[in-house]
Amino acid sequence: MAELNKLGLAEARDALRKGDVTSVELTEACLTEIERAGALNAFVHNTPEIARDQAKAADARIKAGDAPDMCGLPIGIKDLFCTKGVPSQAGSRILEGFLPEYESTVSGNLLDAGAVMLGKLNMDEFAMGSSNETSVYGNAVNPWKVDDRELTPGGSSGGSASAVAADLCLAATGTDTGGSIRQPAAFTGITGIKPTYGRCSRWGVVAFASSLDQAGPMTKSVRDAAIMLETMCSHDPKDSTSADLPVPNFEAMLTGDIKGKKIGIPAEYRMDGMPDEIETLWAQGREMLADAGAEIVDISLPHTKYALPAYYVIAPAEASSNLARYDGVRYGHRAKLDQGDGITEMYEKTRAEGFGDEVKRRVMIGTYVLSAGFYDAYYNRARKVRTLIKKDFEDVFAQGIDAILTPATPSAAFGLGEASDDPVQMYLNDVFTVTVNMAGLPGISVPAGTDAQGLPLGLQLIGRPWEEGDLLNTAYALEARAGFVAKPGKWW
């Protein structure tokens, strides 16, 4: 039983159907490993009793022949998703003690399908960060280690990435606003897909930047990502941006046949100072896809260089608006007041105590770019740049390009504390991923190699809107040729 936590979703699903294992056994194996892995700080709210009850119910469904693909599979839920009756803090002090009376649509879809919730996973506060160091719970730790250096698992979905990579759960939910699924997936040697904006409902997911946020799965393989994504997706009338489109059987589309597909290689993703290891891996990725029968085409996405600065205007602007609701009145943390303090002082003290430094920084930036006199100079200009970025992709896809191959990150995982004092350096971690969010496209990170220290490196594939099936199939072909099987040495 001790090894059952190492299974992926597909393997565990098939074993459950055959009767080789029960959901209760899978769940107990994961719960045992979670208890042992406190040093990773990946899970921040454990729900063992809920998990055991759900596992028993899943076994009964399987026995009765009523078993969707996710039925009986133990997973972790990022703390950004509201889970009914279970603490949902978004990694922030200001939501301390918040117990939602409702379930997010995405987590609800998974639970309705019989998935087992092991608990809530660590994350950067309000999903604002690239290293999981802004969390009120303290940082999650990457299970990969070099010379006793503790490494970041990436952010904001760092707890999700760490938990999946360390086999604490079979898979996990993540969210991606500027790369927060794909970057931590690359840093920990797992697979993570951000679907097209609108494919997964945002209802019940604590908002960071509403026009950019999107949920997605973080898994041990591309096949697992296809299985979990299908359950997570749905049309939701409660989310005005949710797409009323049928959800394909993504797993059935994993043929590995990409003969004749055109894969674009954007010139603008070759950056000054990019490590040779990243450039080499990118070249190897091109060769792998060509070996699979794809046609490799050089392309241009000319407005890429403006994506990061435009993103760091739009995202804080939307965050400033979204976070205005946290005031200590109805729920969450409220500061203690001095005699004579009024409502203004209560708001000021509560928000000063409740928000961390990075959240305050982004709220102030966002408020500034939305203020009179600066709205046109910053926010409107950034929106125009976003339109140009989107058009770059549309033009490339109109030329027959089926997917675009880029590096996932500019480096392997870095040490905790190494970049936390330099916000600009931290923001540069999103340089390869933010364009996908700005254009609302699907993107996936696939582990494809290691650096000189043995740390995992990922490659990113960007797909056409609403073509997650084709994107997953291309990733499946890349995964097969990359043959990444490395695992972190167990030290926790």
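In this chain, residues are counted from 1 in sequence order.
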Report yes or no: does [X] contribute a side-chain atom to a donor-acceptor pair with the main-chain N or O of [Y] at less than 3.5 Å?
X      : Y      : value
Ser88  : Val86  : yes
Thr188 : Pro184 : yes
Ser242 : Lys238 : no
Asp59  : Val24  : yes

Check: Would you say the side-chain atoms of Glu318 and Ser210 include a donor-acceptor pair closer than 3.5 Å?
Finding: no
Check: Cut-off 3.5 Å, side chains only: do Thr83 and Lys120 have a donor facing an acceptor?
Finding: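 Note: Thr83 and Lys120 side chains meet the donor-acceptor criterion.
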Do [X] and [Y] have side chains that approach each other closer than 4.5 Å (heavy atoms only, starting at C-beta)?
X      : Y      : result
Cys82  : Val205 : no
Ile190 : Thr219 : no
Ile75  : Leu118 : no
Asn142 : Thr152 : no
Ser131 : Met426 : yes

Next item on the list: Could you please spell out the steps behind the side chain to side chain donor-acceptor pair (under 3.5 Å) verdict for Asn41 and Asn139?
Entry: CA-CA 7 Å; Asn41 199 28; Asn139 56 268; over 6 Å; no
Notebook entry, point to check: Salt bridge check: are Glu358 and Arg362 linked by an N-O gap of less than 4.0 Å?
Noted result: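 Yes, this pair counts.
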Notebook entry, point to check: Does the pair Lys6/Glu33 count as a salt bridge with the N-to-O cut at 4.0 Å?
Noted result: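 Salt bridge: no.
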Note to self: Go through it in stages, so that I can follow the logic: the residues are Asp327 and Arg334, the test is salt bridge (Lys or Arg N to Asp or Glu O under 4.0 Å), and I'd like the CA-CA distance, side-chain angles, deciding distance and then a yes or no.
What the structure shows: CA-CA 8 Å; Asp327 53 18; Arg334 181 188 294 186; over 6 Å; no
Checklist line | salt bridge (Lys or Arg N to Asp or Glu O under 4.0 Å) between Glu28 and Arg52, worked out | finding: CA-CA 8 Å; Glu28 290 297 341; Arg52 291 184 176 108; 2.6 Å; yes
Which of these passes side chain to side chain donor-acceptor pair (under 3.5 Å) with [X]: [options]?
X      : options                : value
Arg202 : Asp236, Asp213, Thr241 : Thr241
Gln460 : Arg182, Gln183, Lys194 : Arg182
Lys78  : Ser157, Ser160, Ser180 : Ser157

Margin query: Test salt bridge (Lys or Arg N to Asp or Glu O under 4.0 Å) on Arg223 and Glu251; report intermediate values, then the result.
Written below: CA-CA 6 Å; Arg223 182 175 296 278; Glu251 186 184 12; 3.0 Å; yes
Check: How are the rings of Tyr326 and Phe355 set to each other: parallel, tilted or perpendicular (split at 30° and 60°)?
Finding: perpendicular
Item checked: Geometric class of the Trp144/Phe484 ring pair [parallel <30°, tilted 30-60°, perpendicular >60°] -> tilted
Notebook entry, point to check: Between atom CD of Glu479 and atom CG of Leu254, what is the distance when rounded to the nearest 0.5 Å?
Noted result: 9.0 Å
Notebook entry, point to check: Rounded to the nearest 0.5 Å, what separation is found between the NE2 atom of His45 and the CG atom of Asn122?
Noted result: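 These two atoms lie 9.0 Å from each other.
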Checklist line | Summary of ring-ring contact (aromatic ring centres under 6.0 Å, His included) pairs that have at least one residue in residues 177-214, sequence neighbours excluded | finding: Tyr102-Trp203, Phe187-Phe414
